[in-house]
S.K.: 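Here it is: the structure, laid out below.
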Amino acid sequence: MTPERIRAEGHDRMLLVIMATPQPLPEHVDRPHWPVHVTVVGNFWIQTAAVDEITALLERAAQSVPAFDVTLGPSDWFGTENDVPVLLAAHPSLRVLHESLATPLAALPGFDPVEPQFWHDEYRPHASLGPAVRVREGDALRLRLLTLVALVQRTARPVCAARFGDSGAPT
């Protein structure tokens, strides 16, 4: 989904998430069937007009780190109800990426984090576990992409992605 298409569909605001992934995401993903990913910036609302600025932020952030491996674990429970199983994903590059994106995002028009209590100092990188995620504690993921994803009802649609330490060109 391109920023132009988002605007053409008439959305004033959109719900986004930024994640690190080993492989590009498919064009449409049913949210209960997310492929494995590590959340870098949790869900947030933003004015659709800010998507181009977010794309530029994402590209700069991706350029700031090379692709890296993260070992998953230990397990934990996330969400406001502690009902989302996750594997923690501790790696210094994830914290750097989170901070390099979270602060400038907060200055954009219409910015509204869904769960602000899990941003900045309370950010805990993790891979959410679900039906399509086939990883276990101790598995290593090679993270190569930083991806901006629009969340529309039960569907996730990639807006853009940039490779870590690479040309930064959106995919």
Side-chain angles (χ1 to χ4, degrees), residues 13-26 28-46 54 57-58 60-108 111-165:
R13 295 179 69 208
M14 57 191 305
L15 182 62
L16 299 172
V17 63
I18 299 175
M19 56 184 58
T21 60
Q23 302 294 326
L25 295 175
H28 297 276
V29 178
D30 183 36
R31 288 174 65 186
H33 296 98
W34 282 113
V36 66
H37 66 278
V38 175
T39 303
V40 175
V41 177
N43 299 2
F44 60 96
W45 287 97
I46 199 79
I54 297 170
L57 287 171
L58 183 128
R60 284 192 300 274
Q63 283 299 292
S64 72
V65 299
F68 58 94
D69 294 325
V70 62
T71 301
L72 300 175
S75 61
D76 204 347
W77 294 89
F78 274 29
T80 55
E81 304 293 321
N82 280 332
D83 58 351
V84 178
V86 301
L87 290 172
L88 298 180
H91 193 284
S93 291
L94 291 165
R95 182 151 300 283
V96 167
L97 288 165
H98 175 80
E99 288 303 326
S100 71
L101 291 162
T103 299
L105 284 171
L108 294 176
F111 173 79
D112 184 17
V114 172
E115 296 177 314
Q117 67 272 28
F118 302 123
W119 284 54
H120 297 290
D121 290 342
E122 299 305 315
Y123 167 66
R124 294 176 64 204
H126 64 280
S128 298
L129 302 177
V133 177
R134 308 268 187 258
V135 294
R136 298 181 309 220
E137 187 170 333
D139 285 353
L141 289 181
R142 178 83 173 155
L143 298 176
R144 296 179 171 92
L145 294 166
L146 194 57
T147 305
L148 176 65
V149 178
L151 306 173
V152 181
Q153 297 170 347
R154 293 179 48 90
T155 302
R157 301 190 293 187
V159 175
C160 69
R163 293 198 174 277
F164 290 127

S.K.: Can you tell me how far apart CG (L108) and CD1 (I46) are? Round to the nearest 0.5 Å.
M.R.: 4.5 Å
S.K.: What pairs with E115 under side-chain hydrogen bond (donor to acceptor under 3.5 Å, both in side chains), at least two apart in sequence or on another chain?
M.R.: none
S.K.: Taking all non-hydrogen atoms of both residues, which atom of L72 and which atom of A89 are closest, and how far apart?
M.R.: CD2-CB, 3.9 Å
S.K.: Distance from L25 atom CG to R157 atom CZ, nearest 0.5 Å?
M.R.: 13.5 Å
S.K.: Among residues at least two apart in sequence or on other chains, which ones pass salt bridge (charged side-chain N to carboxylate O under 4.0 Å, His left out) with D139?
M.R.: none
S.K.: Locate the shortest heavy-atom distance separating A62 from R163; write the atom from each residue and the value.
M.R.: CB-O, 3.6 Å
S.K.: Please give me the minimum heavy-atom distance between L94 and P125, naming the atom from each residue.
M.R.: CD1-CB, 3.7 Å
S.K.: With rounding to the nearest 0.5 Å, note down the distance linking NE2 in H33 to OG1 in T155.
M.R.: 12.0 Å
S.K.: Check whether any side-chain heavy atom of V133 sits under 4.5 Å from a side-chain heavy atom of S128, and report yes or no.
M.R.: no
S.K.: If you define the side chain from C-beta out and look only at heavy atoms, does anything of D30 sit under 4.5 Å from R154?
M.R.: yes
S.K.: Does any part of the side chain of N43, heavy atoms only, come nearer than 4.5 Å to the side chain of P113, both counted from C-beta?
M.R.: no
S.K.: Mind listing the closest non-hydrogen atom pair of F164 and P66 along with its distance?
M.R.: CB-C, 3.6 Å
S.K.: Please state whether the rings of F111 and W119 are parallel, tilted or perpendicular, taking 30° and 60° as the class boundaries.
M.R.: perpendicular
S.K.: Side chain to side chain contact (heavy atoms under 4.5 Å, CB included), that's the test. Do L146 and V65 meet it? Break it down for me.
M.R.: CA-CA 10 Å; L146 194 57; V65 299; over 6 Å; no
S.K.: So, taking the atom named OG1 in T39 and the one named CZ in R124, what distance separates them when rounded to the nearest 0.5 Å?
M.R.: 12.5 Å
S.K.: For the residue pair S64 and L97, establish whether any side-chain heavy-atom pair is separated by less than 4.5 Å.
M.R.: yes
S.K.: So which heavy atom on F68 is nearest to which on S93, and how close?
M.R.: CE2-CB, 3.7 Å
S.K.: Using the side chain to side chain contact (heavy atoms under 4.5 Å, CB included) rule, take F78 and L129 through it: C-alpha gap first, then chi angles, then the decisive distance, then the call.
M.R.: CA-CA 10 Å; F78 274 29; L129 302 177; over 6 Å; no
S.K.: To check you understand the geometry: which heavy-atom pair defines the closest contact between H120 and R95, and what is its length?
M.R.: O-NH1, 3.2 Å
S.K.: Could you go through Q23 and V36, starting from their C-alpha distance and side-chain angles, then the distance that decides it, and tell me whether this counts as side chain to side chain contact (heavy atoms under 4.5 Å, CB included)?
M.R.: CA-CA 9 Å; Q23 302 294 326; V36 66; over 6 Å; no
S.K.: Verify, without hydrogens or angle tests, whether H37 (side chain) and P35 (backbone) share a donor-acceptor contact under 3.5 angstrom.
M.R.: yes
S.K.: Which distance, rounded to the nearest 0.5 Å, do you find between the CD of E99 and the CG of D121?
M.R.: 7.0 Å
S.K.: Among residues at least two apart in sequence or on other chains, which ones pass ring pair (Phe, Tyr, Trp, His ring centres under 6.0 Å) with Y123?
M.R.: H98
S.K.: Is the backbone N or O of P131 less than 3.5 Å from a side-chain atom of R134, with the two atoms forming a donor-acceptor pair by type?
M.R.: yes
S.K.: Pair R142, D69 - check side chain to side chain contact (heavy atoms under 4.5 Å, CB included), show working.
M.R.: CA-CA 4 Å; R142 178 83 173 155; D69 294 325; 2.7 Å; yes
S.K.: CG/N82 to CG/D76 distance, rounded to the nearest 0.5 angstrom?
M.R.: 7.5 Å
S.K.: Just wondering, more than 12 heavy atoms not from E81 lying within 6.0 Å of its CD?
M.R.: no
S.K.: So if I apply the side-chain contact (heavy atoms from CB on, under 4.5 Å) rule between I18 and each of L105, V149, T147, which one comes out positive?
M.R.: L105
